[in-house]
Student: 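For reference, the structure I am asking about is given below.
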Amino acid sequence: MTIRGRKVGWIGWSLIILAGLVLALFGLWRWAVSAQSVALLDTTDAVFTGSGAEVTTPIAFGPGKDQVLVVARTQASDTEPRPVVIFIHGGSWAHGHAPEYAFVARNMAARGYVGVSAGYRLVPGGEYPAMLEDGAAAMRWVVDNIAGFGGDPSRIYLMGHSAGAYNAVMLALDKRWLTDAGVPDGAIKGVIGLAGPYDFLPLDSEGTINAFGGTADLDQTQPINFAHGNGPPLLLLSGTEDTTVRPRNSKALAKAMTEAGQPTEAVLLEGTTHLSILLALSRPFEGKGQVKAAIFDFLARQEAKSSGDIQPPER
């Protein structure tokens, strides 16, 4: 058979079929994430990432079905405890389940960290401030238990996507939630927000109305109103093509933090969308690696500031 006048041999056909499979897989991945069900995506990532990282079965940190987390780790040859990255999923505070996002924890573990994917109560029933109370409870569980998984409870980083980025950043800036949960002050060494809403008044979407509409003082729900200069460093990543959570959220919070005495930069990734910034955390769809590069560079910089002779994980 010929295509555009050129004969296609078996190698050519193999490449065409392989390309078709990759495109089909990418389409399936996009559909699954859009449908707020990423269990299939986690399974796919496990194949690409390999068996080096082990993921636990769901561990309860509260009585609710969504108050669970999973831990991912590798069998490291060294005996030093590893820094910990806790990931909080998005989904408009109404969708998602922590074990389905184990691919994020697995990819953190593959780079030398102990990865955690933590859930929280969802709407209905998980309206503000439930998501923050649960984030603090998960953080407390990690502080109390992560040493048993090879993690260092004094070197914890929070990371979240979309609604989960709101949770992570809010926990770092509004200290009352961690304080109420008994988490030691200064336990968070850095926060990574991916496409997060940090300045979203007035409420103008179904997700924000359902999650925050019953709150008497809406100003207390906004991360930008808690900008201060004595919190952990923030990395605020957004895509220039994100039409779900506009990059202005990251830019506004970065400006407020900088003015408050905590120099913060909003990093805008060219051509990246609200969905692709999440997909880039997986092995199959990390693309050129700009999302992971920004994350791991930030983590390495924070680790380099640690006292003593602790070194950042190998990359």
Side-chain angles (χ1 to χ4, degrees), residues 69 83-90 101 104-105 108 113-118 120 131-132 134-140 142-143 146 151-179 181 183-200 221-238 245 247 249-258 260-269 277-278 281 291-306 312:
L69 54 82
V84 182
V85 178
I86 303 174
F87 176 78
I88 307 174
H89 67 79
Y101 289 83
V104 180
M108 295 299 109
Y113 297 82
V114 174
V116 178
S117 174
Y120 51 95
M131 71 284 283
L132 301 179
D134 287 357
M139 178 85 178
R140 175 61 188 268
V142 170
V143 169
I146 205 65
D152 187 343
S154 69
R155 296 152 68 200
I156 298 175
Y157 300 89
L158 293 183
M159 178 167 67
H161 171 249
S162 193
Y166 166 90
N167 297 1
V169 169
M170 195 64 166
L171 286 171
L173 297 182
D174 186 358
K175 296 184 178 181
R176 56 182 157 160
W177 310 109
L178 294 181
T179 299
V183 176
D185 189 34
I188 302 174
K189 299 306 180 186
V191 181
I192 301 163
L194 306 175
Y198 312 120
D199 179 24
F200 53 87
T221 68
Q222 301 297 292
I224 196 168
N225 292 333
F226 292 90
H228 55 78
N230 60 346
L234 304 180
L235 172 63
L236 304 176
L237 293 179
S238 293
V245 178
N249 282 267
S250 293
K251 291 190 285 188
L253 181 58
K255 181 175 184 291
M257 291 294 295
T258 299
Q262 174 74 284
T264 304
E265 181 183 2
V267 179
L268 304 186
L269 303 175
I277 202 170
L278 172 65
L281 298 180
V291 175
K292 283 185 176 179
I295 290 171
F296 289 117
D297 285 347
F298 172 80
L299 292 172
R301 289 198 306 272
Q302 306 318 312
E303 282 295 292
K305 297 176 183 178
S306 299

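These values consider heavy atoms only, across backbone and side chains, with no hydrogens, waters or symmetry-generated copies.
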Student: Using a 4.5 Å cut-off on heavy atoms from C-beta on, say whether the side chain of Leu173 contacts that of Met257.
Tutor: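 Yes - at least one pair of side-chain heavy atoms lies under 4.5 Å apart.
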Student: Measuring from atom CZ of Phe298 to atom CG of Leu234, what distance do you get when rounded to the nearest 0.5 angstrom?
Tutor: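 Those atoms lie 7.0 Å apart.
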Student: Are Val143 and Pro184 side-chain neighbours, meaning at least one heavy-atom pair lies under 4.5 Å?
Tutor: yes
Student: Using 0.5 Å steps for rounding, measure from the CG atom of Leu69 to the CG atom of Asp134.
Tutor: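 Result: 11.0 Å between the selected atoms.
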Student: How many angstroms lie between atom CD of Gln302 and atom OH of Tyr157, to the nearest 0.5 angstrom?
Tutor: 6.0 Å
Student: What closest approach, in Å, do Ala138 and Ala118 show between heavy atoms, and which atom pair accounts for it?
Tutor: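 Residues Ala138 and Ala118, closest heavy atoms: CB-CB, 4.0 Å.
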Student: Within the 4.5 Å heavy-atom criterion, are Met139 and Ile88 side-chain neighbours or not?
Tutor: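 SC-SC contact between Met139 and Ile88 ruled out.
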Student: Rounded at 0.5 Å granularity, tell me how far OG1 in Thr221 sits from CG in Asn225.
Tutor: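 Taking OG1 in Thr221 and CG in Asn225, the distance rounds to 8.0 Å.
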Student: Stepwise, does the side-chain contact (heavy atoms from CB on, under 4.5 Å) test hold for Met159 with Leu237?
Tutor: CA-CA 11 Å; Met159 178 167 67; Leu237 293 179; over 6 Å; no
Student: Is there a donor-acceptor pair closer than 3.5 Å between any side-chain N or O of Ser238 and the backbone N or O of Leu268?
Tutor: no
Student: Which heavy atom of Ser117 sits nearest to which heavy atom of Ala105, and what is that distance?
Tutor: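 Taking Ser117 first and Ala105 second, the nearest heavy atoms are N-CB, 4.1 Å.
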Student: Roughly how far apart are Thr258 OG1 and Glu265 CD, rounded to 0.5 Å?
Tutor: 9.0 Å
Student: Would you confirm whether Asn249, through its side chain, and Asp199, through its main-chain N or O, come within 3.5 Å as a donor-acceptor pair?
Tutor: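 A pair under 3.5 Å: yes.
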Student: Which heavy atom of Gly90 sits nearest a heavy atom of Ser162, and at what distance?
Tutor: CA-CB, 4.3 Å
Student: Locate the shortest heavy-atom distance separating Ala294 from Leu235; write the atom from each residue and the value.
Tutor: O-CD2, 3.5 Å
Student: Might you confirm whether atom CG of Asp185 has over 12 heavy atoms from other residues, nucleotides or ligands at distances under 6.0 Å?
Tutor: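 At most 12 heavy atoms, drawn from other residues, nucleotides or ligands, come within 6.0 Å of this atom.
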Student: With a 4.5 Å heavy-atom cut-off, do Leu281 and Ile295 have their side chains touching?
Tutor: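 When only atoms from C-beta onward are counted, Ile295 and Leu281 do touch, with a gap below 4.5 Å.
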Student: Test of understanding: with side-chain contact (heavy atoms from CB on, under 4.5 Å), list the residues that count as partners of Ala172, not counting sequence neighbours.
Tutor: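 Ala172 satisfies side-chain contact (heavy atoms from CB on, under 4.5 Å) with Ile188, Val191, Pro232 once adjacent residues are dropped.
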Student: Has Tyr120 got a side-chain atom pairing as donor or acceptor with His89's backbone, closer than 3.5 angstrom?
Tutor: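 Here the side-chain-to-backbone pair exists.
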Student: Is the shortest side-chain heavy-atom distance between Leu158 and Asn167 below 4.5 Å?
Tutor: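 SC-SC contact between Leu158 and Asn167 ruled out.
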Student: Taking only residues two or more places apart in sequence, or in another chain, which ones meet Phe200 in a ring-ring contact (aromatic ring centres under 6.0 Å, His included)?
Tutor: Tyr166, Phe212
Student: With a 4.5 Å cut-off on side-chain heavy atoms, are Met131 and Met170 touching?
Tutor: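 Met170 vs Met131: side chains apart.
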Student: Pro197 and Pro223: which non-hydrogen atoms are nearest, and at how many Å?
Tutor: O-CG, 4.3 Å
Student: Given side chains that start at C-beta, do those of His161 and Phe87 come closer than 4.5 Å, heavy atoms only?
Tutor: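 They are in side-chain contact.
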Student: Within the structure provided, determine whether Phe296 and Met108 are in side-chain contact (heavy-atom separation under 4.5 Å).
Tutor: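 Yes; the side chains approach each other to less than 4.5 Å.
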Student: Which heavy atom of Leu178 sits nearest to which heavy atom of Leu171, and what is that distance?
Tutor: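 That would be CD1-O, 3.7 Å.
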Student: Report the C-alpha distance between Leu236 and Thr264 in whole Å, list the side-chain angles of each, state the deciding distance to 0.1 Å, and finish with yes or no for side-chain contact (heavy atoms from CB on, under 4.5 Å).
Tutor: CA-CA 8 Å; Leu236 304 176; Thr264 304; 4.0 Å; yes
Student: From Ser154 OG over to Ile146 CD1, what is the distance, rounded to the nearest 0.5 angstrom?
Tutor: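 Reported value, rounded in 0.5 Å steps: 12.5 Å.
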